[in-house]
Protein chains: 2
Amino acid sequence: MPTSKDVARLAGVSQSTVSYVMSGRRPISEKTRKRVEDAMAQLAFQPNAGARALASRRSQVIGLAIPFVPDLHRGSMMGFISVIAASARQSDYDILLVTDDEGPQGLERVVGQQLVDGLIIMQVEGDDARVPVIRNLPVPSVLIGIPEKHEGLKCIDADFELAGQMCVEELAKLGHETVTLVNWQDAVVRRRVNYVKRFHHGVDKAGAATGAKIIHVPGRATIAGMEKAVANALEQTKGVPAFIAPEAANQDLLVEALNNLGLVLGKDVSVVVNCSDSLAERQRIPLTTIDFEPDQVSRRVVQMIVHDLTEPTSRSHEALELIRPVFKHRKSTIRPRPQR
Amino acid sequence: MPTSKDVARLAGVSQSTVSYVMSGRRPISEKTRKRVEDAMAQLAFQPNAGARALASRRSQVIGLAIPFVPDLHRGSMMGFISVIAASARQSDYDILLVTDDEGPQGLERVVGQQLVDGLIIMQVEGDDARVPVIRNLPVPSVLIGIPEKHEGLKCIDADFELAGQMCVEELAKLGHETVTLVNWQDAVVRRRVNYVKRFHHGVDKAGAATGAKIIHVPGRATIAGMEKAVANALEQTKGVPAFIAPEAANQDLLVEALNNLGLVLGKDVSVVVNCSDSLAERQRIPLTTIDFEPDQVSRRVVQMIVHDLTEPTSRSHEALELIRPVFKHRKSTIRPRPQR
DNA sequence: ACGCATCGTCGATACGCATCGACAACCCAA
DNA sequence: TTGGGTTGTCGATGCGTATCGACGATGCGT
């Protein structure tokens, strides 16, 4: 493998000049710059990452803490990861995975070894065990999700409260007087991810504001359970029923349950779910969705940590940024009554 | 951050001794070892990864090339990634992501920079653009998937041919005379991942061997398309119909289509799909599955590359290893006719 | 013509660890 | 008792890059 010294020799300059050509931290004449760049190209030179990290004390790598995820949450997680990795590259950073089964000390390890310059923490729970750890770490970090105690932390997340509000408001606008919220599954609720709470809060708030009655039913893992929950909700419903199922895993169950009851989406009942556009559109009746914009969240997270890493001076102390979700009308919600 | 020199000073030994305590490459007396280890613990010493990589010429990092994945494939991909990352850690390696939108030269970059000691390539297609690149790379690599030209490469994959065989054999054993294979969606087939072909081959082979008639229908993205495909297949079916839907994305569509036709799974019709156990079991009628054992594949891949990295001597030239799938009987296949 | 600041380049050094050669201390066999 | 091997430790050096101080060359105003 060629080194910068080889490049220097070929270009007839000193090694330090080669280094300055790469970093641009000192002026270099057009002539030498060209000579050096030609030499680099000719040798297919790539700077050694280890040496660079050793000398500069920065690795140009960001650690990505991925949680252990059961099955269903996985699809969305993958979206985050690939967008994060791609955006990081655009700022000349690489992504190193830190899995949860190494425990929070995995974070201490990668930072202690100076393998990473900063951390992105995914799927942060209300009382996440990783939070106290990163507080004491000497590198910047950004969280996806919002823990209970987030003073002094940088958090980004979808605005779940606003999402809940938007759903109810849109449904109320369509004329629904009763809205049923199908909760996340117990397993998720138990994990104390507080976005569930935030979504609920938005729903209730908008319910109060619009006068819509809100019914809460638990998210069920089986079709039978879902049918019972739906039947239960229908009994308490006034007017055309509307359902919100923000957890992706519930979506097919809800749709199937309504089908089995003979209710046609977009005609007898309105349904709002959360899933990708492509999935929503390949349904028999394309589903109206509330989109939490995971790509936006991912990009913003990277942007934020890269900022902290490149401008250590203007580093803000803390931040809490909520990404605005998007409500996408499709065919699973009834059209507004004709205004006479 | 403490360095090995600090540890040495505190322990009253030389820096090289500290290094030998860590690596074990020279004998160290019990007494000094203890002194050094105490000093390390006291200072919470962690060796600097950059310096270590520079001096030892190995980074203890494996690059993981993840493809761009549309939506549906994502859930399974996430399973691979987390198992790979976790297994790698058990062998003291970390995982660095290499996304596909950097193109194949992303691989050249991480290797050229000596950021990684080896590569794992996921979702390898028949004529994958990354294959010619890694052939010329001076580090070992292992592929998940099997490209057309795989001489001199190390490939691991599920045994899709055997999987196809197993499905047909099991269904034939249950008394089915006709078996319908719901193909992957066009988008997948077009990607030239040749596991589709291999699965087909297994199905056809077992069809010939058992005398079962095999019907092929295209995988459809919509429920309407699926209903048509199913109806079509039923017309050509003799006896109790059986369906195999190896692509996860087709599974719900197939089940829904059969429901709509009034066919009860496990009674009027047999269905075999490919999905996770938990997903299969939360259906109204638990689904019989063919499990491609992604965790096994992931672990084996890591094991293989770690072997190549740690025993450069006994490095095998090439390898093609197929992981045996598992057929899991549940309730969506009819029970064998009572043997009189 | 002079002094002075800026530009462009070089040499030297540090970064933290792994590894090699050297060597002292020790053990055992002859 | 001595010689040869083993065990345990040290000092020195190298890995490839970034960066600092130095310094000659150049341009400017007066």
Side-chain angles (χ1 to χ4, degrees), chain A residues 1-37 39-40 43-61 92 109-117 310 312, chain B residues 1-37 39-40 43-61 92 109-117 310 312:
Chain A
M1 289 266 178
T3 72
S4 59
K5 207 180 288 181
D6 298 326
V7 174
R9 195 176 322 124
L10 182 59
V13 300
S14 77
Q15 180 268 326
S16 58
T17 300
V18 174
S19 182
Y20 286 121
V21 167
M22 291 194 285
S23 69
R25 290 174 152 289
R26 289 220 177 152
I28 298 286
S29 73
E30 206 41 59
K31 203 172 58 182
T32 31
R33 151 168 296 119
K34 174 115 181 50
R35 279 231 308 287
V36 170
E37 280 168 352
M40 283 169 138
L43 297 176
F45 168 74
Q46 313 247 125
N48 178 295
R52 186 171 263 209
L54 179 58
S56 69
R57 311 171 142 288
R58 10 182 44 262
S59 63
Q60 296 292 111
V61 174
D92 207 36
R109 182 180 63 82
V110 293
V111 171
Q113 294 184 164
Q114 297 171 62
L115 254 174
V116 304
D117 296 335
T310 46
Chain B
M1 289 268 177
T3 71
S4 61
K5 207 181 292 181
D6 298 327
V7 174
R9 195 175 323 122
L10 182 59
V13 299
S14 76
Q15 180 268 325
S16 59
T17 300
V18 174
S19 181
Y20 285 122
V21 167
M22 291 194 285
S23 69
R25 297 176 86 80
R26 287 221 179 152
I28 298 286
S29 72
E30 206 43 58
K31 202 172 58 183
T32 33
R33 149 168 298 119
K34 175 113 181 50
R35 281 231 307 288
V36 170
E37 280 168 352
M40 284 170 138
L43 298 175
F45 168 74
Q46 314 245 127
N48 179 296
R52 184 171 265 212
L54 180 57
S56 68
R57 312 173 140 288
R58 12 183 42 260
S59 63
Q60 295 292 110
V61 174
D92 207 36
R109 182 180 62 82
V110 293
V111 171
Q113 294 182 166
Q114 297 171 62
L115 253 175
V116 304
D117 296 336
T310 45

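Proteins get letters first, then strands, A, B, ... in listed order; numbering begins at 1 in each.
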So what does V13(A) touch, heavy atoms closer than 4.0 Å: a base, only the sugar-phosphate, or nothing?
sugar-phosphate
Check this for me: does the side-chain of R26(B) come within 3.5 Å of the base of dT9(D) through a donor and an acceptor?
yes
Taking the side chain as everything from C-beta on, heavy atoms only, tell me whether V61(A) gets closer than 4.5 Å to L115(A).
no
Do the non-hydrogen side-chain atoms of R52(B) and R57(B) ever get within less than 4.5 Å of each other?
no
Base, sugar-phosphate alone, or nothing: which one does P27(B) contact when heavy atoms must sit under 4.0 Å apart?
base
Flag for T17(A)-S14(A): side-chain donor and acceptor within less than 3.5 Å:
yes
State, without any angle test, whether T32(B) and S29(B) hold a side-chain donor-acceptor pair at a distance under 3.5 Å.
yes
Would you tabulate the nitrogen or oxygen pairs shorter than 3.5 Å linking the protein to nucleotides 12-15 of chain D?
{"from": "dC15(D)", "atom 1": "O3'", "to": "R57(B)", "atom 2": "NH2", "distance (Å)": "3.1"}

Are any side-chain N or O atoms of R35(B) and backbone N or O atoms of A11(B), one a donor and one an acceptor, separated by less than 3.5 Å?
yes
Outermost DNA chain C nucleotides near chain B [under 4.0 Å, heavy atoms]
dG16(C) to dA22(C)
So what does T32(A) hit on the nucleic acid, given a heavy-atom distance under 4.0 Å: a base, only sugar-phosphate, or nothing?
sugar-phosphate
Classify S19(B) by what it touches in the nucleic acid, base, sugar-phosphate, or nothing, heavy-atom distance under 4.0 Å.
base
Report the residue from V18(A), N48(A), V21(A), L43(A) that forms a side chain to side chain contact (heavy atoms under 4.5 Å, CB included) with S4(A).
V18(A)
